Colleague: 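The structure that follows is given in the form of structure tokens.
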Number of protein chains: 2
Amino acid sequence: MSLDRRSGCPINLSLEVFGDRWSLIILRDMIFGGRRHFRELLNGSIEGIASNILADRLKRLMELGMLTKADDPSHKQKAIYSLTEMAITLVPILAHLGAWGRVWLPTSEELSIRAELLEKGGPPMWEKFMDELRHEHLGMALDTASGPSVRATLQAAYQAVVAGKALGASPAA
Amino acid sequence: MSLDRRSGCPINLSLEVFGDRWSLIILRDMIFGGRRHFRELLNGSIEGIASNILADRLKRLMELGMLTKADDPSHKQKAIYSLTEMAITLVPILAHLGAWGRVWLPTSEELSIRAELLEKGGPPMWEKFMDELRHEHLGMALDTASGPSVRATLQAAYQAVVAGKALGASPAA
DNA sequence: GCAACCGATTGCAAAATGCAATCAGATTAG
DNA sequence: CTAATCTGATTGCATTTTGCAATCGGTTGC
């Protein structure tokens, strides 16, 4: 993945940042999955990224200013990755992307429930989520009234669908 | 570009549709640039796509249901490409993408004025634009009160910036 | 006729990707 | 203390994708 600029068009430049098959997947897992470590990203996501590609993309996203890396205080060789404000502001784009994909593409029910909820929540929910991410990754104070975190809400909905499916699909029990 | 599915996640599936360096650029030029022919897309955009890649992507976008192809009645060997509803509904995503890129990436002023206008216009402007695109590409009747077309508005703003730059940059005239 | 143009296709070198094996250092279990 | 395990990567290699230039057969305007 090169960093050269083909043109100053905003859409083109955005595509040069995450117009590949992995960068946005990594950011998705960090944002919605809460993953912060190399291994979590390597083994955690459904799609199965190769370790060299992951290392390359993490490096690239850091160079682009979307991620920062720090030592994990609890483990000397563990690195912890954090989202920058630049990456956090992708939340509305990811929400739109999920909403579009849910309409037009053959998404699976359990994986699209989160997109559906995020779409229904609209900009207010996105703002709350971004605020939570700023707290989590940038150490900023939370300024919206809390309640359950957006990520927890999305995760609970996902679990509910999975559980429902398991029940419905259980063979004549 | 393969069509295999890594997972049913909406974001992943969306990425598999236009998570490459060219598909969205082509759609951008069709949507905002009004380009309908192979040659227009080949020579028209700033980024300079190779003809084999363009042919491949057009074919792929047709297979995915984002484009249709028809004979141009005026020229027997000319093909005219049309956006489908699936592609037209990308307008909000492109608007968000442009807005994000304008904030975080080194965009050029003349190329980002359109993104700025589209952002300021918000969902109402996007709806009007999508309606115009449906008229243009799907032959549907326009149902919003007209005035100048959104594309014309964006284009005029672009021209104004270019003209302004030419004046400002003219050497001691 | 004939040059210019139409939407592609071909050949080829360079780059990116996927995959498995492996690395050195840090931690943990016995 | 020692061996096994876990950390974030790196290496080598085969496959796929890309970028680039040249070219194709057919169509159009002159």
Side-chain angles (χ1 to χ4, degrees), chain A residues 1-7 12 15-26 29-30 33 35-64 66-83, chain B residues 1-7 12 15-26 29-30 33 35-64 67-82:
Chain A
M1 297 281 327
S2 62
L3 293 159
D4 52 301
R5 304 202 196 116
R6 301 185 296 190
S7 88
N12 175 58
L15 271 185
E16 294 190 16
V17 169
F18 40 69
D20 75 287
R21 280 165 101 72
W22 290 113
S23 300
L24 255 196
I25 296 288
I26 293 169
D29 285 346
M30 290 188 69
R35 311 195 195 286
R36 309 287 298 263
H37 299 293
F38 191 94
R39 289 283 158 176
E40 287 177 335
L41 290 162
L42 189 63
N43 305 320
S45 84
I46 317 151
E47 288 89 2
I49 188 172
S51 65
N52 55 345
I53 306 283
L54 176 58
D56 178 77
R57 290 303 185 280
L58 287 172
K59 183 177 153 215
R60 203 177 106 94
L61 288 170
M62 283 172 29
E63 287 166 1
L64 287 164
M66 313 263 291
L67 298 180
T68 56
K69 181 163 85 164
D71 291 338
D72 187 323
S74 69
H75 288 257
K76 212 153 258 173
Q77 91 263 39
K78 237 178 192 171
I80 190 160
Y81 292 91
S82 298
L83 301 166
Chain B
M1 297 281 326
S2 62
L3 293 160
D4 52 300
R5 304 202 195 115
R6 300 184 298 189
S7 89
N12 174 59
L15 271 185
E16 294 189 15
V17 170
F18 41 70
D20 75 288
R21 279 165 104 72
W22 290 113
S23 300
L24 214 53
I25 295 288
I26 293 169
D29 285 346
M30 289 189 69
R35 311 194 197 286
R36 310 287 299 262
H37 299 293
F38 191 93
R39 288 284 157 176
E40 287 177 335
L41 289 162
L42 188 64
N43 305 320
S45 84
I46 317 151
E47 288 88 2
I49 188 172
S51 64
N52 56 344
I53 306 284
L54 175 58
D56 178 77
R57 291 303 186 278
L58 287 173
K59 183 176 154 214
R60 202 177 107 93
L61 288 170
M62 282 170 33
E63 287 166 358
L64 287 164
L67 297 180
T68 57
K69 183 163 85 164
D71 291 337
D72 187 322
S74 69
H75 291 256
K76 211 153 259 173
Q77 91 264 38
K78 235 177 193 173
I80 189 160
Y81 291 92
S82 298

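Letters A, B, ... are given to chains in the order of the sequence lines, protein chains preceding strands, and every chain is numbered from 1. As the structure is a prediction and not an experimental result, all values here were calculated from the model.
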Colleague: To the nearest Å, give me how far apart CG (Asp20(B)) and P (dT17(C)) are.
Modeller: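 Nearest whole value for this atom pair: 12 Å.
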
Colleague: Rounded to the nearest angstrom, tell me the gap between atom CG in Asn52(B) and atom P in dA13(C).
Modeller: 16 Å

Colleague: Can you tell me how far P of dT17(D) sits from CZ of Arg60(B), to the nearest Å?
Modeller: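 After rounding, the gap between these two atoms is 10 Å.
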
Colleague: Given atom CG of Asn43(B) and atom C1' of dC6(C), what is their separation to the nearest angstrom?
Modeller: 12 Å

Colleague: Kindly give the heavy-atom pair with the smallest separation between Leu15(B) and Leu24(A), and that separation in Å.
Modeller: CD1-CB, 3.5 Å

Colleague: Which part of the nucleic acid, if any, lies within contact of Lys59(A), taking any heavy atom under 4.0 Å across all strands shown: a base, the sugar-phosphate backbone alone, or nothing?
Modeller: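 Here Lys59(A) touches no strand at all.
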
Colleague: Nearest whole angstrom, please: distance from the P of dG25(C) to the NZ of Lys78(A).
Modeller: 20 Å

Colleague: Distance check needed: dT7(D) P versus Asp71(A) CG, whole Å only.
Modeller: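 My rounded result for the distance is 15 Å.
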
Colleague: Is the phosphate of dT17(C), meaning OP1 or OP2, less than 4.0 Å from a side-chain N or O of Arg57(A)?
Modeller: yes

Colleague: Find which nucleotide of DNA chain C each of Glu40(B) and Trp22(A) is nearest to by heavy atoms, and output the residue with the more 5' nucleotide.
Modeller: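 In this pair, the answer is Glu40(B).
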
Colleague: Residues in side chain to side chain contact (heavy atoms under 4.5 Å, CB included) with His37(A), at least two apart?
Modeller: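 Counting only residues at least two positions away or on another chain, His37(A) forms a side chain to side chain contact (heavy atoms under 4.5 Å, CB included) with Glu40(A), Asp72(A), Lys78(A), Ile80(A).
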
Colleague: Taking CZ from Phe38(A) and C1' from dC6(D), how many angstroms apart are they, rounded to a whole number?
Modeller: 13 Å

Colleague: Between P on dC6(C) and CZ on Arg36(B), what's the gap in Å once rounded to a whole number?
Modeller: 16 Å

Colleague: Exactly one of Leu61(A), Ile25(A), Leu83(A) should register a side chain to side chain contact (heavy atoms under 4.5 Å, CB included) with Met30(A). Which one does?
Modeller: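 In the set Leu61(A), Ile25(A), Leu83(A), the residue that makes a side chain to side chain contact (heavy atoms under 4.5 Å, CB included) with Met30(A) is Leu83(A).
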
Colleague: Output a table of nitrogen or oxygen pairs between the protein and nucleotides 23-27 of chain D separated by less than 3.5 Å.
Modeller:
{"unit_1": "dG26(D)", "atom_1": "N2", "unit_2": "Gln77(B)", "atom_2": "NE2", "d": "3.0"}
{"unit_1": "dT27(D)", "atom_1": "O4'", "unit_2": "Gln77(B)", "atom_2": "OE1", "d": "3.3"}
{"unit_1": "dT27(D)", "atom_1": "O4'", "unit_2": "Gln77(B)", "atom_2": "NE2", "d": "3.3"}
{"unit_1": "dT27(D)", "atom_1": "O3'", "unit_2": "Gln77(B)", "atom_2": "OE1", "d": "3.1"}

Colleague: Side chain to side chain contact (heavy atoms under 4.5 Å, CB included) with Lys59(A): which residues, sequence neighbours excluded?
Modeller: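 Result, side chain to side chain contact (heavy atoms under 4.5 Å, CB included) vs Lys59(A): Glu63(A).
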
Colleague: Only counting residues at least two apart or in another chain, list the ones meeting side chain to side chain contact (heavy atoms under 4.5 Å, CB included) with Ala55(B).
Modeller: Phe38(B)

Colleague: Picking from dT9(C), dT10(D), dG18(C), which would you name as closest to the side chain of Ala55(A)?
Modeller: dT10(D)

Colleague: Checking Ala50(B) now: which residues fulfil side chain to side chain contact (heavy atoms under 4.5 Å, CB included) with it, not counting sequence neighbours?
Modeller: Asn52(B), Ile53(B)

Colleague: Who are the side chain to side chain donor-acceptor pair (under 3.5 Å) partners of Ser82(A), not counting sequence neighbours?
Modeller: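 If we apply the side chain to side chain donor-acceptor pair (under 3.5 Å) test to Ser82(A), skipping adjacent residues, the hits are Arg36(A).
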
